[in-house]
Amino acid sequence: MASTPSSTLTPLYESNNIFFNSFTSPHNFTFPLKLYKSSIRSPQVSLQGQPHISQPNNSQNPDRKSKIWVNPKSPRATELKQRSYDFRYTSLVKIAESLDSCNPLKHDVYNVLATLGDKIVEQDAVVTLNNMCNSETALLALKYFQERLKLSKEVIIYNVTLKVLRKNKDLDRAEKVFDEMLERGVKPDNVTFSTIISCARQCNLPEKAIEWFEKLPSFGCEPDDVTYSVMIDAYGKAGNVDMALSLYDRARTEKWRIDAVTFATLIRIYGSAGNFDGCLNVYEEMKALGVRPNMTVYNSLLDAMGRAKRPWQAKNIYTEMINNGFEPSWGTYASLIRAYGRARYSEDALKIYKEMKEKGLELSVMLYNTLLAMCADVGLTDEAVNIFEEMKSSGTCQPDSWTYSSLITINSCSGKVSEAEATLNDMMEAGFEPNIFVLTSLIQCYGKAGRTDDVVRTFDRLSDLGLSPGERFTGCLLNVLTQTAKEDLHKLTICLEKANPKLGYVVKLLVDEEVVEEEGAFKKNAAELLDSVTTDVRKAYCNCLIDICVNLNKLERACELLDIGLTLNIYTDIMSRTETQWSLQLKSLSLGAALTALHIWMSDLNKALEDGEEFPSLLGINTGHGKHKYSEKGLAGVFESHLKELNAPFHEAPDKAGWFLTTKVAATSWLESRRAQEVVAV
DNA sequence: ATAGGGTTAG
């Protein structure tokens, strides 16, 4: 396994020869040139003393040995110094690479290091270790340098060694190295501590980080700005937001220079604590203090705005970032895809995806999954298929259960039952068991296709797989009932009763004609049920229940449910009145709930008319645009024909999509004529 | 790039 040092290093000599052939000089430069004396033609540059005759660049004659005198203060000298430094640095990086891939045996490591020659300096050790990633060989290399170098600042090579251990998230070894430092009488400093603390943080052991921070004073160290920054991060990671913020306060009162990285850390902490305005406040505070934002700040902000579901703010920050001349990084794009994807800003998300592809940036499984989930949400079937193909051909990531789950959802939502089943088979062949998301999609798929028995079969698979239904799944099952023929409903009621007995009972009261119901039992049980489920599914449950009522022509029950919804604040601001306009807001209502709300609103209007209340000049119904691609007809379309049936004088506003408006005069005469008809009918 | 912070998440 171990590559011999020479095989790794040979190309380096060759490539650098090309450069050094053009000017050579015999002495006066320590490193790296002497290092390779035996292997290559002593490429040395004289930057001091003896004025030699300056010669033109003789690159046509690479073999000619000649000296070039360069004034040490000239820009040319600076350039040469820089170049020779670059050369040394590159050489050491190559050594570090060989060490990384070398056997973790003393003999092998020492052999690689022997190619450095005898005249190594402290800086060589630092640069080499700093570029390594293999813990085991790094520890051997450390020994080598300790044996061979008179170290004036031994703490430094310990600190870079600790960095290698941190790269490997090896806190145990880091702690051992710390003990060894103490044994050798090497005094740890802030760099030592901040490295170990961040190592603990990266190992997901924030308590350990805190432990190390607290023992810092006992070693005569006062935390400085970087140590504070690392600790703020560690406290944030530990979920101790208060401690993080109080450290920030302390750093501020102690007048530490707080730089962009620390602000980015604070933004991340606020972001993961869900305090998104806190993120923006920190950002403002930072700018007020005259600290220029950097990429980390922008990326943390973008990430936070994504979590906050504020894609428009992400967009603004991104624009600002670009205007300030920053080049988006992988992290920037990832944050944007998440922000746009989750918020169904599909055009924006797909634009970013395209840009990443153009730049040759690789997407992770998660980013692909985010895009696919978004396509599933919005109904972008063809795009999803494309993205999935590109994902497979990328060669860099394998579809996982999330990926398959989104694909099954896409097939399910577009009613492609056999494709959904085929994808499920692919998924199982790839070694993934169906999860709750997949089964949720499947019951929707079968439900939509009217295959009630398959819904029941899929429901029964749940317990076979050791899965419990949960509120989302149960909600989708309830939604299946809204699409199911009356004679099949009892099959699903049995499932619902297993999933959530209270819900099962409420539905049974609606569906089962034979159940004897006590006075008011339905409303009481429905209210208890809706109160018992978490807020994020309440509206869905309520909408579905109302839809079932409407389908069964039980308008009174529907009104009761809508009433519960209003009382429990599941629906807010449905009916509003200003001096100039009365409105009915139907945007987040299902069709049944919307029709029920219209019914109630109309009786309210009738009542107002009876009471002789003054109508405003305008009355309006807002259905929203109904852009969800899977529903063939949005709420707007259905409402338009329904209003026509009612002879209602509402007409879609040409300038406000989704709004149906009418005037005071038209509304009153319509309501009056309806009342006259009712009287006739009675 | 040249001894310390920052991430890659559902």
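Note that the coordinates shown come from a computational prediction; the quantities given were computed from them, not determined experimentally. Each chain gets a letter, A, B and so on, in the order the sequences are listed, and its residues count up from 1. We use all heavy atoms of the structure for the numbers below, so side chains are in, but hydrogens, waters and symmetry mates are not.
To the nearest 0.5 Å, atom CG of residue A:L92 and atom CG of residue A:N130 are 11.0 Å apart. With rounding to the nearest 0.5 angstrom, the CG atom of A:N190 is 3.5 Å from the OG1 atom of A:T227.
Near DNA chain B, meaning a heavy atom under 4.0 Å away, the residues from residues 258-267 of chain A are A:D259, A:V261, A:T262. For DNA chain B, none of the residues of residues 278-285 of chain A falls under the heavy-atom distance limit of 4.0 Å. Against DNA chain B, the stretch residues 290-320 of chain A makes heavy-atom approaches under 4.0 Å through A:N294, A:T296. Near DNA chain B, meaning a heavy atom under 4.0 Å from it, residues 223-251 of chain A has A:D224, A:V226, A:T227, A:S229, A:V230, A:D233 in order of number. Near DNA chain B, defined here as any heavy-atom distance below 4.0 Å, the residues from residues 155-166 of chain A are A:I156, A:N159, A:V160, A:K163, A:R166, listed numerically.
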Determine, step by step, whether A:D233 and A:R201 satisfy the salt bridge (charged side-chain N to carboxylate O under 4.0 Å, His left out) criterion, reporting the C-alpha distance in whole Å, the side-chain angles of both residues, the deciding distance to 0.1 Å, and the verdict.
CA-CA 8 Å; A:D233 194 25; A:R201 209 229 71 165; 2.4 Å; yes
Step by step, work out the salt bridge (charged side-chain N to carboxylate O under 4.0 Å, His left out) result for A:K187 and A:E154.
CA-CA 9 Å; A:K187 190 176 169 302; A:E154 196 168 352; over 6 Å; no
Before giving the answer on ring pair (Phe, Tyr, Trp, His ring centres under 6.0 Å), spell out for A:Y298 and A:F326 the whole-Å C-alpha distance, their side-chain angles and the decisive distance to 0.1 Å.
CA-CA 9 Å; A:Y298 283 121; A:F326 287 93; 5.4 Å; yes
Audit row: A:W212, A:F178, ring pair (Phe, Tyr, Trp, His ring centres under 6.0 Å) steps and yes/no
CA-CA 11 Å; A:W212 276 95; A:F178 183 84; 4.7 Å; yes
Begin from the C-alpha positions of A:E362 and A:K357 and carry the test salt bridge (charged side-chain N to carboxylate O under 4.0 Å, His left out) through to its verdict.
CA-CA 7 Å; A:E362 270 173 21; A:K357 280 194 293 180; over 6 Å; no
Salt bridge (charged side-chain N to carboxylate O under 4.0 Å, His left out) between A:D118 and A:R148: does it pass, once the steps are laid out?
CA-CA 8 Å; A:D118 302 329; A:R148 253 149 260 242; over 6 Å; no
A:W312 vs A:Y345, test: ring pair (Phe, Tyr, Trp, His ring centres under 6.0 Å). Steps then yes/no.
CA-CA 9 Å; A:W312 60 93; A:Y345 269 39; 7.4 Å; no
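When all heavy atoms of A:L467 and A:I436 are compared, the closest pair comes out as CD1-N, 3.8 Å.
In this structure, A:R257 atom CZ and B:dG5 atom P are separated by 14 Å, rounded to whole Å. Taking atom CG of residue A:D377 and atom C1' of nucleotide B:dG10, one finds them 13 Å apart after rounding to whole Å. For the pair A:D189 CG and B:dG4 C1', the interatomic distance rounds to 9 Å; values are reported in whole Å. Separating the CG atom of A:L129 from the C1' atom of B:dG4 is a distance of 15 Å, rounded to the nearest angstrom.
With hydrogens and angles ignored, no donor-acceptor pair under 3.5 angstrom links the side chain of A:N131 to the base of B:dA1. The base of B:dG4 is not paired with the side chain of A:T195 by any donor and acceptor separated by under 3.5 Å.
Using a 4.0 Å cut-off, no side-chain N or O of A:R201 falls inside it from OP1 or OP2 of B:dG5. Using a 4.0 Å cut-off, some side-chain N or O of A:Q202 falls inside it from OP1 or OP2 of B:dG6.
Within a 6.0 Å radius of CZ in A:R472, no more than 12 heavy atoms belonging to other residues, nucleotides or ligands are found.
Inspection of the A:Y340 and A:K315 side chains reveals no N or O donor paired with an N or O acceptor under 3.5 Å. Side-chain contact of A:E390 with A:Y353: a donor-acceptor pair under 3.5 Å is present, judged by distance alone. Judged purely by distance below 3.5 Å, without hydrogens or angles, the side chains of A:D259 and A:T262 pair a donor atom with an acceptor atom.
In terms of position along DNA chain B, the nucleotide closest to A:V93 lies nearer the 5' end than the nucleotide closest to the other residue of the pair A:V93 and A:N190.
The residues A:K359 and A:E327 are annotated as salt-bridged, a charged nitrogen and a carboxylate oxygen being separated by less than 4.0 angstrom.
For A:F145, the ring pair (Phe, Tyr, Trp, His ring centres under 6.0 Å) criterion is met by no residue, not counting sequence neighbours.
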